[in-house]
Number of protein chains: 2
Amino acid sequence: MPRNRNDQTKEAKRDEIVTAASSLFVSEGYDGASMGKIAAAAGLTPNTLYWYFGDKDELFVAVADRYLDLLLEQHTTVAEQPLAEQFVWLVDSLRPVRHLVATVHARVARSPRIAEWHSSFHRQMEALFEDQLTIELSAARRNAEAAVVTFAIEGAVTHDLDADATADLCHSLAQRLAGL
Amino acid sequence: MPRNRNDQTKEAKRDEIVTAASSLFVSEGYDGASMGKIAAAAGLTPNTLYWYFGDKDELFVAVADRYLDLLLEQHTTVAEQPLAEQFVWLVDSLRPVRHLVATVHARVARSPRIAEWHSSFHRQMEALFEDQLTIELSAARRNAEAAVVTFAIEGAVTHDLDADATADLCHSLAQRLAGL
DNA sequence: CCTCCTCTTGATTGACATACAAGAGATATT
DNA sequence: AATATCTCTTGTATGTCAATCAAGAGGAGG
């Protein structure tokens, strides 16, 4: 079982790269974060990145995955609050990574990897909230309501809404679900 | 008043370029539609594009503007129909240009030109529907409802929903507005 | 005939994602 | 101990792209 040259497992090194890539993707966006910059931030040459990741999209997905895991983990801390508060929390959590959200939507047509991540993301988001819907609805209706909520939240994240407008939107969404 | 070399006004030539760029942006997306391809499609060298447009984003905005004008013009033909039908119409109209929508959101942070177009787009979309809201609401509440509708429609455009799901979503949005 | 003005092109630059082949260092095998 | 093999790293290179610049070509007006 050959270990890494520097007493470091491959996974650990991958994680380091993901950390460096993460802050660059978030601050500079997908195009602004070149493989060269990411490599420099990780103390490597650009080529080395391709040992750990097949291409830029695979690295991006690794970054997105880490954020998604973090999000799902942190959601447990607010899972008991009313839906409106959970929505506000979700928007606030995602807004710092709005560049990632926009990138996913922009590249979903070009990159199969990102397309796959995208549908997985939506699946997990729906799972987060679907059992909190106490009212009985037809499956079609349920999907429509879930889509409205999901898309409205994505919109709130990627567009410029101030705190008040965000809260209004989230409460409107929750009230809507309650009033069915 | 010196005319164009080929008996063609500058505006006319710009329009030809926008036409060529338009179909390429729609079919290949922003990254896929290189200035070289666009120039070739218009029967020009890439450099010539830069005589008519300052940069790629300016050309993109010209394309987006044309679609927006078309959309606003065609909306008059459905303006008398119930809101739900207008929403369905809007989603169906925008879905073919979903790449443009995604591009706008992805580049809004990098290009001031596109950022400006983006806010103008949302302003005009809201104007389309705001006077159809017969119920009295506070300004804040009104904005929240408008945001939900706008974002839900954008989401329906950029995500894969079949015709039934689209109709369900649009009717749900309209029903909610009616039931306030 | 000369001189602007409008448009077009060729040559070039610098950044980028990515491929390839060769190296370096540690481990495993003989 | 010598060699082979695996893991990782780097140098070099390729092709593509947006954008720039300087130089032309053609018509209009003086």
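The structure presented is a predicted model; accordingly, all values stated were derived computationally and were not measured. Quick note on labels: first sequence line is chain A, next is B, and so on, each numbered from 1.
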Taking [atom1] from [X] and [atom2] from [N], how many angstroms apart are they, rounded to a whole number?
X: B:Ile38; N: D:dT16; atom1: CD1; atom2: C1'; answer: 15 Å
X: A:Phe53; N: C:dA19; atom1: CZ; atom2: P; answer: 16 Å
X: B:Leu59; N: D:dC17; atom1: CG; atom2: P; answer: 15 Å
X: B:Glu11; N: C:dC7; atom1: CD; atom2: P; answer: 11 Å
X: B:Arg14; N: C:dT6; atom1: CZ; atom2: C1'; answer: 15 Å

Can you pull out every side-chain hydrogen bond (donor to acceptor under 3.5 Å, both in side chains) where at least one residue sits in residues 140-153 of chain A? Sequence neighbours excluded, please.
A:Arg141-A:Glu145, A:Glu145-A:Arg176, A:Glu145-B:Ser172
[N], OP1 or OP2 - any side-chain N/O from [X] closer than 4.0 Å?
X: B:Lys10; N: C:dC5; result: no
X: A:Thr45; N: D:dT10; result: yes
X: B:Trp51; N: C:dT8; result: no
X: A:Tyr52; N: D:dT7; result: no

Nearest-0.5 Å distance that lies between atom CG in B:Leu90 and atom CZ in B:Phe129:
5.0 Å
Quick note, salt bridge (charged side-chain N to carboxylate O under 4.0 Å, His left out) partners involving residues 91-102 of chain B, not counting sequence neighbours, are B:Arg98-B:Asp160
Sequence neighbours left out, what pairs pass salt bridge (charged side-chain N to carboxylate O under 4.0 Å, His left out) with at least one residue falling in residues 163-173 of chain A?
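Non-adjacent pairs meeting salt bridge (charged side-chain N to carboxylate O under 4.0 Å, His left out): zero.
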Return whichever of B:Thr48 or A:Lys37 has its heavy-atom-nearest nucleotide of DNA chain C closer to the 5' end.
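With B:Thr48 and A:Lys37 compared, the 5'-side residue is B:Thr48.
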Identify, with sequence neighbours excluded, every residue that meets side-chain hydrogen bond (donor to acceptor under 3.5 Å, both in side chains) alongside A:Ser120.
A:Gln124
Using side chain to side chain contact (heavy atoms under 4.5 Å, CB included) as the criterion, list what pairs up with A:Arg113, not counting sequence neighbours.
A:Asp55, A:Glu58, A:Val61, A:Ser111
Could you go through nucleotides 18-22 of chain D and list every protein N or O atom that sits under 3.5 Å from one of its N or O atoms, giving the distance for each pair?
{"from": "D:dA18", "atom 1": "OP1", "to": "B:Met35", "atom 2": "N", "distance (Å)": "3.3"}
{"from": "D:dA18", "atom 1": "OP1", "to": "B:Lys56", "atom 2": "NZ", "distance (Å)": "2.7"}
{"from": "D:dA18", "atom 1": "OP2", "to": "B:Met35", "atom 2": "N", "distance (Å)": "2.8"}
{"from": "D:dA19", "atom 1": "OP2", "to": "B:Tyr50", "atom 2": "OH", "distance (Å)": "3.1"}
{"from": "D:dA19", "atom 1": "OP2", "to": "B:Lys56", "atom 2": "N", "distance (Å)": "3.0"}
{"from": "D:dT20", "atom 1": "O4", "to": "B:Asn47", "atom 2": "OD1", "distance (Å)": "2.8"}

